[in-house]
Amino acid sequence: MPSWSDFEAAAPELAARVRARLDAHTHKTLATVRADGSPRISGTETQLADGELWIGSMWQARKARDLQRDPRFAIHSGSDDPPDWTGDAKLAGVVEEITDADEVRRRNGEAGASGPSHLFRLDLREVSTVGLNDDRTGLVIDVWTPDRGLRSIRRT
């Protein structure tokens, strides 16, 4: 599965826009799969470091247990309110849980230093941005996948 750095090398302009949207809001929305197969959304924060995208979690939180059981995820960057809306970023893929205690503490910082916590590295299967065209009369959706590369969809 592609890491953030793989995605960034394949689609640098899209990666810059996605990063800007991720950096615009501290809190993002994470979608996971519950044990019964239904969706769950949770708040999360992302960290981009060493060419990888990471999320942490409180110890034994529902979202962590979901990801341990089924590693599929989706993340939404968060949105600005109209009329200042500049677009959203969406990412989907699978996580790898990192269990090395030193690495978990290093990445999770203060939260990881106060007791056990979870750390997940995100592998990307699909990354997209949604925004408005120059006239602000239609949507422009730029999508990257490892199989299909970069494509753009326009809707008016």
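Every value quoted in this text rests on a predicted model; they were computed, and no experiment measured them. Positions are given from 1 along the sequence.
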Ignoring hydrogens and angles, tell me if any N or O in the side chain of [X] forms a donor-acceptor pair with the backbone of [Y] under 3.5 Å.
X     : Y     : value
Arg34 : Pro39 : yes
Asp50 : Glu52 : no
Arg21 : Gly87 : yes

Exercise. Taking it one step at a time, do Val130 and Lys90 satisfy side-chain contact (heavy atoms from CB on, under 4.5 Å)?
Worked result: CA-CA 8 Å; Val130 178; Lys90 301 173 186 180; 4.2 Å; yes
For this session: Taking side-chain contact (heavy atoms from CB on, under 4.5 Å) as the test, write out the residues that go with Ser5, two or more places apart.
Result: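 Residues passing side-chain contact (heavy atoms from CB on, under 4.5 Å) with Ser5: Ser3.
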Problem set entry | Which residues share a side-chain contact (heavy atoms from CB on, under 4.5 Å) with Asp123, sequence neighbours left out | Met1, Val94, Arg121
Is there side-chain contact between [X] and [Y], with at least one heavy-atom pair below 4.5 Å?
X      : Y      : answer
Asp100 : Arg107 : no
Trp59  : Ser57  : no
Thr29  : Ile75  : no
Leu67  : Glu97  : no
Phe7   : Val18  : yes
Leu91  : Trp4   : yes
Leu22  : Leu48  : no
His118 : Met58  : no

What are the two closest non-hydrogen atoms of [X] and [Y], and how far apart are they?
X      : Y      : value
Ala9   : Pro12  : O-CD, 3.9 Å
Ser152 : Asp142 : OG-OD1, 2.8 Å
Glu103 : Ile98  : CG-CG2, 3.8 Å
Thr26  : Glu45  : O-CG, 3.6 Å
Leu53  : Thr46  : CD1-CB, 4.0 Å
Trp144 : Ala11  : CD1-CB, 4.0 Å

As an exercise, state the distance from [atom1] of [X] to [atom2] of [Y], rounded to the nearest 0.5 Å.
X     : Y      : atom1 : atom2 : value
Glu13 : Arg17  : CD    : CZ    : 7.0 Å
Glu8  : Leu124 : CD    : CG    : 11.0 Å
His25 : Ser79  : NE2   : OG    : 6.5 Å
Leu30 : Ser42  : CG    : OG    : 5.5 Å
Thr44 : Phe73  : OG1   : CZ    : 10.5 Å
Thr32 : Phe120 : OG1   : CZ    : 10.0 Å

Seminar exercise, completed: Only residue of Gln68, Arg62, Lys63, Arg69 satisfying side chain to side chain donor-acceptor pair (under 3.5 Å) with Asp66 is Arg69
Problem set entry | Leu132 reachable from Val140 in the ILVMFWY side-chain graph, under 4.5 Å edges | no
Problem set entry | Cluster check Leu150, Val127: I/L/V/M/F/W/Y, side chain < 4.5 angstrom | yes
Exercise. Taking NZ, NE, NH1 and NH2 as the nitrogens, is one of them in Asp70 or Arg72 under 4.0 Å from a carboxylate oxygen of the other?
Worked result: yes
Problem set entry | Side-chain donor-acceptor pair present, Asp147, Thr145, cut-off under 3.5 Å |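 Per modelled atom types, Asp147 and Thr145 side chains form no pair under 3.5 Å.
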Exercise. Between Ser77 and Asp88, is any side-chain donor less than 3.5 angstrom from a side-chain acceptor?
Worked result: no
For this session: Could you pull out all residues at least two apart from Trp54 that satisfy ring pair (Phe, Tyr, Trp, His ring centres under 6.0 Å)?
Result: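 Ring pair (Phe, Tyr, Trp, His ring centres under 6.0 Å) check on Trp54 returns nothing, list empty.
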